[in-house]
Each structure stands twice: as structure tokens, then as C-alpha cells.
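The structure under discussion appears below in the form of C-alpha cells.
The figures that follow rest on heavy atoms only: side chains count, while hydrogens, waters and symmetry mates do not. Sequential numbering from 1 along the given sequence is applied to the chain's residues.
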Amino acid sequence: MSSNSAFGKTLQFITSIKLQELEKQRSTYQEHLHESLQKAKDINDPKRRAEHLLKAVTSWKGSGATDEEDNIGEGSLNLTNLKMWLSMCDKDPSFSKEKVQQWNKLLEEHLQRNSLRFDCAKLFGEMLNEWIGSGDSATAAYQDPDQPPTRLETGDVFIDVGRKELYEQKEKFESLVFEEKEIDTKALGSFLEQLFSDKQGTAVLEEIRDAIEDGAEEIQNTGFNWRTVQATITNLIASDPLNEDQQATLKSFLDNTMILEELAGVLNMRLASIGSWTWPKEGIPIEMRTLMVNTDPDTVDAILLHHIGISWQKKFKAACHKLFESKAWKKLIPPVLSVEKQRYQEQLPKEKADDSIDARRTRIINESFFLSQLSGSIHDINDYSDSTSGDEYGQKAGDGKRQLLHMMLAECYFHTSVHKSFAIVRSDLEWFGPSLPHETVLTVLKFFGVPEYWLEFFRTFLRAPLYFKGEPDHVRIRQRGTPIGYSLSAICGEAILFAMDLVVNQKTGGCFLFRIHDDILLWDAKPERCATGWAEMQNFASLTGLTFNMSKTGSTVVGGGDATGLPAGDIRWGFLLFDPSKIRFVIDQKDIDCHINELRRQLNATKSVFGWINVLNKYMAFFLRSFGGAPTYAFGYEHVMDVIDTLARIQRELFPDSESGAVGYLETVIKKKWDVDGLPLGYFYLPVEQGGLGLRNPMFEAFTSLSSFEEDPENPEDEDRRDPQELFEKLIEEDVDKFEEARDKWTHEYDQTQRKFETFFTLEQYMSLREHLLVSWGTAYQDMFHERTTFDVKETPSLLAKLLNSTSFSSQWGRMDWYQKWVISVYGEDLVRKFGSFEIVDSKLIPIGMVKLFKDSRIRLDQ
């Protein structure tokens, strides 16, 4: 039995025991309830009936037990108080009989609610058993966060489609990986040399090569100690290229210093003989998955290679940063001369270059986009999984792509306001990871100064012997592409792409090529610069043996300008389509139609309620990510409304027969399968930790930021609520007043004896400073990146009182995230009326952990 299978069976065994105990307690409580209520009916005296019901409440010691100090009735009745008051009834003739009847009602409701909670726990268990036996757990397998959720080969609907896709992926992968691509390495080397042919370039190239050579010696000579091994394992687990067994093994090493020291010794021996390192002769098994290929590395080699990979990433990034900071790296805005700085300080003392658009842009590039896929330290986490869709190193990709879109919009608003023109090119390299020619990788690494003995190691690393699982006798040597799931692979890819960054920068006179790995955006106020950059990118691709994916390539020009030389096609990202006439992204509704059909297929293929909810939650999260994620100021109010309207349309088309959307559909299914109805809406949205179904409401996500975009009638000029394009337009209007104010101040208030300049800036000169000096423009630019604030749900006294009376939620309002607050605020009152508190079930009785594990696991626990 495989470890994964044994693991799954163990969890199912634990689940079975829990569910058996739950059913035992439920049956016992039903007998207790029936007997208690039957006896209560036979007691005519309200006070005696209350005493009997109080005893029935406090005598139950199973799940949902209540002692004499607890409160019931939504916190309105304390049982200790009730005991005292009942003793008064016999002595106090004025005591209200109506009040005693109210107590009887509250006690009976409490007993009934506890029964309902047991019924919901039973329903939860039955749905979990349904999920375990359904095969739907496979829908929780790993997904690239920027790809739609896909089912593996499970279920009658998808098995043929899945096999066809996997065969096609495998054939394409084999045609790339096992067929060598010839490269003219001399031509490539000469081309790179020409980029550094001037005096400044030659000097900085020598610095880079010296830094690379010194780094190469340091990597080999520094070696391992137990702390280094511990840090490497921690990073390796977090970046997650390993299978479940290897992760479990490595986790067991982390707190054992003796094992870590022994590992350090072994690793030092392997590092010392790095020149003779080889892959296992029997080959490395690989497994085709939907849009993914996974490699299973040897555990010790995985640690060694990860350490070497992270070390090389740090050295390569630091060395190339010398180029970015040097005069050899071209800037669209030339450096300020000292005489100009003196004039700024005298005539515009409030304007600070460090707060300008150019300074903020440079900081963002430096921090987020310059070789962003390479780690700066062992504590940086990256995901180096190789996706055959071309999005290989993607842990940081989600946030990076959103920031890139925000930056593109900010630049577009600025340039179209000031220069009346803005051009954008979008592209992607087709099958980049699997198609990288090895000679291209080695030529580029050699050019930047990687020593020969390390080049031989890289050559061995690239030429991995591979076989597909199930075909151990068919081992072949990789001829192209990078070994999958390794931090060293990032160096191989980023070194080539950095060379392309440099080409574009040099040939365009200063443009920066924005990349998230091989997803590329290039923009400038002058379309001809973008056309030059695109031509140079194509030339570089032909030299290096790469191919652009033309289905993901496009361009647009906003405002005026000649589009000659720019590639045909739209600017797209996710479901977003850039509309140059509106100067913003719109949602491509035709693309949404295709994904609605796909989601409908996936939902129909599930065989369990939990599987259905899991698929819907994952797909709706994918929709929201593909709409640009949490909206920033740059997206604007119209974008948020587009998202809301699209989410509403998706619900209507998925569930045309349900007025309540997903909830209405689930109500129908649960009624049909288990004859349970009357469940409050909050039951569906409450987390599984409280016994709910954990359905996620995407409308909450969209509406929470809407309020920060809507106009404030009492403050219509509030800049936080203005259209982003209008913000820059208004700055243009304000510049004349600011110019005159600064000129008047210098003319009348500045000490004339201290003046170094005879005349003030002209208005035209002042306006030319917008990009590299004026703070107001820099502030507006920075505002484009601010995420809209979430709507702050206000707690009510009634809600807080109910929270205090609930064990799981007691005093937690301040610690809840915004989504939890929305769920509790909207649905909490109904939950409490139905169940007496926010806890639908006793969390100790139901196997909640099993559900959470199913959601997060990459293995199929049902097999």
C-alpha cells in the first residue's frame, strides 16, 4: 500500500469513528428529548414543568451540555438565576405566571435547538461520507492560481477529455524536451558583446563578471552547517516542488539538530565534488498532469540543488543590479545636472525629486520587477513549478501581475494626460520553460562570467535523464528545457530574459521591459519606441531559439500616434481586455461565456455537496483574480461595477431555475437527498469550523470596496473618489496656479542677495518637471496603487451580545477579518434564532479537519 493510500485510509477510519460516536450521541439525545418533553406535557403546574425542563437541560452531559451557570435563550436567561427565581414562585404570590410560561418556552426551545444541532451534525457527516466516496476530492488538486480550476481524470464526464488533453500535452512536451535546438552560439555571443561595446558598458560588464566569479567560488567554498541546512529545508518546503512523502520527511528533520548536522556533512561532501555530480543513472520520474509536469527529486539532492539554486540566484541578481544602477543602463529621463539641482533648491524648494513620478517608478521597478523571479535571500519564497502553459515560476506571479496592471494604468493615465499618447505591447513566450535551448542557457551564463567548472555542472543539471511514470525502461536525456521544480531552473530562464531586458533597454534608449517571468508588457508615450522594442525582442528570440506566443501578443495606442511596427492583437490579462477608447480595462464577456459553460460542466460532474461547493468556491476565486483582484484606485469605479454585474450574470446563468442562486440550488439538493429544509441562509456561508458549508459569496468581495469609489455628496471634490484619469487632468489645471505661486514667492520673498539665477522658470520649463520633480504628480501616481478600503461593517449591541454568548465567537469581533464580519452581520441573527447561537454543531463531534484536508490536499484521499 502506498503511503498516500495508507494516509487516506487512516483519515477515513478516524472519520468513521467520529461519525459513529456522533450518531450514538444523537440517538441518545433524541430519546432524552422525547422522554423529557413527554413528561413535561403531563405536568400541569407551570412552575413544576419549568423545574422538570431545567433538570432536563442540565442533566444532559453529552455534546451541547449546559450547566447551571450557562445562559440560554440567545443569552436572555441565566440558569443559575432561573433556579433562584423558581424557588421564589412558591413563596411570592405576586410572581407572574406569564413569566414562568416564558421560561418554559425558552427551556423547550433550548432542548429543541440542541436536537436541531445534532440533526445538522448528522447532515454534515452524511455529506462528508458522500464526498469521501464520490471521488470529488480530486477537484482540490493543485492549480496554478492564474489558471482556471480543472478536474483530473475522474468522473464519467471528464475522463475522455482529460486523457485527450494529457496525451496532447505529453506529445508536445516530448517534441520539445527530447529534440535538440541548434543555436548559433557565436552570433549570440557577438550580439551580447555589442550591447556592452562602449566605455561604460565595458566597465560594468567587467564588474558583473568579477562579481559572478567571486560568487561562484563563495558558493562552493562556504559549505553547509546545520543552520544552513535548516534554512534551506524550510525554504524548500515553502516553495513546494516536493511530493507529500518528501515534505513529511524533511519536516521531521527541522527540529533535530543531530540529523541536520549529519545532513550538513553529507551535503558538504557532495558540494566539494560538485564537478562530478550527476543525476541518478536510472533517471528521474516525471508525471504529466493537466497543464503541469512534476519531477520527483532525490531528497538529499533536492536540498543540495535548492541551496545551490538560491545561492546562484542571490549572486546573479546582485551582480546584474550593478548594471541597473550604472550609467550603462539607459534612462528615458536623463540624470539631473548639478546646476539644475541648485536651481530647483532655490526656486522650487518644496519639490523633492525623491517623491516624483520617476523616483517612485524606479523604486517599484527595483523592488518588484527587476529580476523579480530571483530570490534575494534564503528567506524569500518562490514557487519554481514548471507549467507547460508557460507560467513556470509563479508563487509571486499573482501579486506581481496585479501590480503590473496597476502600473500600466497609472502610466497610461499620466502619459495620455500630459503627452496625449501612450502605446502598449503585450506578449508571452510560448512553452518557455520546456523549450529553452541548452546552448542558449550556457552561452548566456558564460557571457556573464560563470566559470567553466560551474558551466559543466549546469550542463549536467540541464541534461537530466527522464522517464515517464509507468515507463521506467524508456529513459531519455533532456535536450531542451529546464529540470522541473528547481530553483536552479529560475537562473537558467531569468539569465536569458535579463539579456532580453537589456536589449530592449539599450535599443529603445531607456524603456524598461516589464515581466512576470515570460509574461511581458512594454509601454511608452512614443509608439515608435515600442515598435523598436518589439522588433528587437523578435530578433533576440530568433537568436536564442525562442518563440513568441502570438495568441497572447497584441498592442494598442491610446490617443494619437503611429502604430506601424506594433504587433496585431488586443491587450489582455485574465478576463480583462484593455479598451483604448475608454482608457481602462473592461471584462471580456465572451470569454466569461466560455468559462460559465466550463464551470457548469465541472459542477455537473461532481457527485457530492462538498465537492460541488469546493469547485464553485475555487472557480469564483479564479474569476475574481482574473478580474484584477482587489481593486486599486487605478481600476476606477466603473471597473468595480463591471465586476459586480458580471458576478450577478454568472450566478443567473449558472442557476436559471433558482431565485437564490447557489444557495437555492443547494437547498433543493439537500431537500432531495436528505429531506432537510428550512435551513437559514447563514448555514450555507458559515465556515465548516462552525458546522456550516463554507460557501463563499463573491459579491461580498466585490461590494466591500465599492463604497470607497462612490461619490460623497458632501465632498464631491474628494480626490479619493475621483475618476483616475480626471485626477491627472485636474493636476494640469492646477499647475498654472502652483507655478505662479512659486514664482511670486521667489520674486518677493527670496533674499535677492542670495540668488544664483536671474530669472525664474518659464511655465513651459515648470511643466516639463512633472515627471521627475513635482511632488503633487508623484503623489497622484502613487495613489494609483492604493487598494480600495474594505467596507467597515459596524457591529450592533444586539450582535455583540450574541457573540459574547457563543463559545467559538466570544470576544472575537475585533479579530475577525472583514469577510467573517460580513457573514455574521448579514446572517448572524437568523442563525441565532434557529440554533440559539452561532455554533451550528459541536466542532468536536464532526470531522472538520477531514474537510479542510480535502480542500487543501494535493493527493486523492478517496483512492
Side-chain angles (χ1 to χ4, degrees), residues 21-22 24-121 680 690-691 796-813 824 828-845:
E21 177 61 25
L22 166 63
K24 185 188 300 181
Q25 287 210 32
R26 192 187 74 86
S27 299
T28 304
Y29 185 80
Q30 293 296 345
E31 294 176 4
H32 174 75
L33 175 65
H34 177 75
E35 181 181 345
S36 299
L37 295 182
Q38 192 61 45
K39 286 184 178 180
K41 286 182 180 180
D42 298 333
I43 301 174
N44 294 324
D45 185 342
K47 187 257 186 179
R48 302 287 175 250
R49 187 184 303 121
E51 289 176 335
H52 166 74
L53 291 173
L54 176 60
K55 183 178 180 181
V57 168
T58 57
S59 63
W60 172 250
K61 300 304 179 184
S63 174
T66 306
D67 61 38
E68 293 184 358
E69 296 182 357
D70 285 340
N71 301 318
I72 66 167
E74 303 174 26
S76 64
L77 181 61
N78 180 272
L79 298 185
T80 300
N81 294 344
L82 177 59
K83 188 175 182 182
M84 173 61 71
W85 293 332
L86 287 175
S87 68
M88 291 174 57
C89 290
D90 292 330
K91 303 297 181 181
D92 186 354
S94 65
F95 209 93
S96 170
K97 290 184 179 180
E98 288 77 12
K99 178 60 69 176
V100 178
Q101 293 287 13
Q102 290 176 14
W103 294 337
N104 275 307
K105 183 180 179 181
L106 289 175
L107 290 166
E108 286 188 16
E109 285 180 349
H110 179 79
L111 289 168
Q112 295 283 10
R113 282 169 170 169
N114 213 30
S115 175
L116 181 59
R117 294 175 75 209
F118 269 113
D119 290 341
C120 283
Q690 276 74 51
T796 63
S798 174
L799 183 61
L800 287 179
K802 291 176 173 61
L803 286 170
L804 289 171
N805 193 49
S806 297
T807 305
S808 298
F809 286 91
S810 180
S811 303
Q812 286 193 11
W813 180 264
I824 293 300
E829 297 282 349
D830 294 337
L831 287 169
V832 174
R833 275 194 294 271
K834 187 75 172 180
F835 299 103
S837 73
F838 294 104
E839 291 85 18
I840 294 177
V841 299
D842 183 348
S843 60
K844 295 187 292 296
L845 268 186

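- Gln102 and Lys99 share a donor-acceptor pair across their side chains, judged by distance under 3.5 Å alone.
- Shown here for His52 and Ile43, the closest heavy-atom pair between the two residues is CB-CD1, 3.7 Å.
- For the pair Glu51 and Lys55, the salt-bridge criterion is not met [side-chain N within less than 4.0 Å of a carboxylate O].
- When each of Glu109, Glu108, Gln101 is paired with Lys105, the side-chain contact (heavy atoms from CB on, under 4.5 Å) condition holds for Glu109 and for no other.
- Closest non-hydrogen pair, Asn78 versus Thr80, comes out as OD1-N, 2.9 Å.
- Using the six-membered ring where Trp is involved, Trp103 and Trp85 have ring planes that are parallel, under 30° apart on the 30 and 60° scheme.
- Nearest heavy-atom pair, Leu37 versus Gln112, reported as atom, atom and distance to 0.1 Å: CD1-NE2, 3.2 Å.
- Atoms CG and CG, on Leu106 and Leu53 in that order, are 11.0 Å from each other to the nearest 0.5 Å.
- Remark: side-chain polar atoms of Asn114 are not paired, donor with acceptor, to backbone N or O of His110 under 3.5 angstrom.
- Separation of atoms CG (Leu831) and CD1 (Ile824) is listed at 6.5 Å; rounding is to 0.5 Å.
- Between Phe835 and Arg113, the closest heavy-atom pair is C-CD, 3.7 Å.
- Remark: Leu33 CG to Leu111 CG distance equals 6.0 Å, nearest 0.5 Å.
- A pairwise comparison of heavy atoms in Ala50 and Leu107 identifies O-CD1, 3.6 Å as the closest pair.
- When all heavy atoms of Pro46 and Asn104 are compared, the pair lying nearest together is O-ND2, 3.0 Å.
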**Message:** For Asp830 and Arg833: C-alpha separation, side-chain torsions, deciding distance, then whether salt bridge (charged side-chain N to carboxylate O under 4.0 Å, His left out) applies.
**Reply:** CA-CA 5 Å; Asp830 294 337; Arg833 275 194 294 271; 2.2 Å; yes

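- When each of His34, Gln30, Arg26, His32 is paired with Ser115, the side-chain hydrogen bond (donor to acceptor under 3.5 Å, both in side chains) condition holds for Gln30 and for no other.
- Separating the CG atom in Asn71 from the OG1 atom in Thr66 is a distance of 10.0 Å, to the nearest 0.5 Å.
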